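Quick note: residue numbers are just sequence positions, from 1. Since this is a predicted model, take the numbers as computed values, not measurements.
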Amino acid sequence: MALSDVLYAAYERRLTKRLPPESVPRHVGVMLDGNRRWAKARGAGTSEGHQAGADNIAHFLAWCEEVGVEVVTLWLLSTDNLSRAESELRPLLRIIERTVDELADSRQWRLNPVGALSLLPAATRDRLEGAAVRTAEVDGLLVNIAVGYGGRREIADAVRSLLLEHADRGTTIEELAEVLDVEHIADHLYTKGQPDPDLVIRTSGEQRLGGFLLWQSAHSEFYFCEAYWPDFRKVDFLRALRAYGERNRRFGT
């Protein structure tokens, strides 16, 4: 083993030992950014970058399990991404389909597709929904697979669902307006029933949300990492957890 590998392993162990168990977030959201730039920097094709990013997902989920995270949300494809050129979008969707199948086949994690699935090609939608069915009984980390996801779209879908529900009950708009509060909308989000993300990580050095979990991240802590997603290592994750644990979360009080 090279000296650099020995030093890396020692640093990783030190970070792990210094991580207070009580500071581990229950829910971690991740914006897997930088696949295309990673590929460009290596003179590789875009699909190679997306595949390299996909190959890092199972490692990340294992790290989350090791420290006791309960829920992970992975943003793989936004609603905006659906407007990309067909020459990039089609291979990317195939990579997502294969990756989701592999995660489901491992029987390690419970997969939950979130997003405007109706906007996706039928084949992609079927693979996502099939993975959810196949892992529904898995007693493990809950993994939200955000594909065709946009925060504004999610809120609009939640309001639409809420209105339709009350229309079925015969509730008038005026009656609904009298009682409507934030929990009514939260109960119709894609992540309904789940804890909101405590920590949101974005790789590649970009420092913006881009529409990720807009409603749920109101009280989240954010961590921006310079590494492109395919290069995101366990030590990068542990540093994010360390930074999270050092913050004083007062929720406005």
Side-chain angles (χ1 to χ4, degrees), residues 24-33 57 60-61 63-65 67-82 96 99-100 103-104 108-120 124-125 127-166 180-203 208-223 229 237 240-241 244 249 251-252:
V24 173
R26 291 183 65 194
H27 183 172
V28 176
V30 189
M31 306 171 72
L32 289 65
D33 198 17
I57 289 175
F60 179 77
L61 297 180
W63 305 334
C64 287
E65 280 192 314
V67 298
V69 173
E70 299 173 19
V71 183
V72 172
T73 299
L74 303 172
W75 199 9
L76 302 185
L77 186 77
S78 72
T79 50
D80 292 337
N81 295 155
L82 293 173
I96 290 173
T99 301
V100 168
L103 295 176
Q108 290 180 262
W109 306 295
R110 182 156 51 99
L111 306 185
N112 178 47
V114 296
L117 301 187
S118 62
L119 300 180
L120 302 175
T124 304
R125 182 170 63 250
R127 299 278 279 276
L128 290 169
E129 293 175 343
V133 171
R134 283 153 52 206
T135 62
E137 302 304 319
V138 173
D139 183 19
L141 182 71
L142 173 59
V143 182
N144 294 316
I145 305 292
V147 179
Y149 176 86
R152 289 179 174 178
R153 174 70 185 238
E154 179 181 23
I155 295 170
D157 283 349
V159 173
R160 185 179 300 109
S161 175
L162 174 65
L163 292 174
L164 290 172
E165 177 187 282
H166 281 272
L180 182 65
D181 62 23
V182 294
E183 292 306 318
H184 288 106
I185 295 176
D187 288 341
H188 290 266
L189 295 172
Y190 302 147
T191 58
K192 57 183 176 292
Q194 301 178 16
D196 288 338
D198 302 293
L199 173 64
V200 174
I201 299 171
R202 180 166 189 165
T203 57
R208 60 178 183 274
L209 278 181
F212 185 49
L213 300 176
L214 290 179
W215 182 283
Q216 299 92 327
S217 64
H219 296 293
S220 300
E221 299 295 328
F222 298 94
Y223 184 84
W229 172 250
F237 177 55
L241 295 183
Y244 170 81
R249 305 186 73 205
F251 302 98

Do any N or O atoms from the side chain of [X] and from the backbone of [Y] form a donor-acceptor pair under 3.5 angstrom?
| X | Y | value |
| --- | --- | --- |
| Arg125 | Leu120 | yes |
| Thr203 | Asp33 | yes |
| Asp198 | His27 | yes |
| Arg202 | Arg208 | yes |
| Asp181 | Glu183 | yes |
| Trp75 | Tyr149 | yes |

Does [X] reach the side chain of [Y], with side-chain heavy atoms less than 4.5 Å apart?
| X | Y | answer |
| --- | --- | --- |
| Val147 | Pro113 | no |
| Ser217 | Leu209 | yes |
| Leu141 | Cys64 | yes |
| Gln108 | Leu61 | no |

- Message: Consider side chain to side chain contact (heavy atoms under 4.5 Å, CB included). Of Leu111, Leu103, Thr135, which one does Val143 pass it with?
- Response: Leu111

If you look at every heavy atom in [X] and [Y], which pair is closest and at what distance?
| X | Y | value |
| --- | --- | --- |
| Arg110 | Ala136 | CD-O, 3.4 Å |
| Val30 | Leu32 | O-CD1, 3.2 Å |
| Leu76 | Ile57 | CD2-CD1, 3.8 Å |

- Query: Phe237 vs Phe60 aromatic rings, parallel, tilted or perpendicular, using cut-offs 30° and 60°?
  - Reply: perpendicular

- Does the side chain of Glu154 come under 3.5 Å of the side chain of Gln216 through a donor N or O and an acceptor N or O? yes

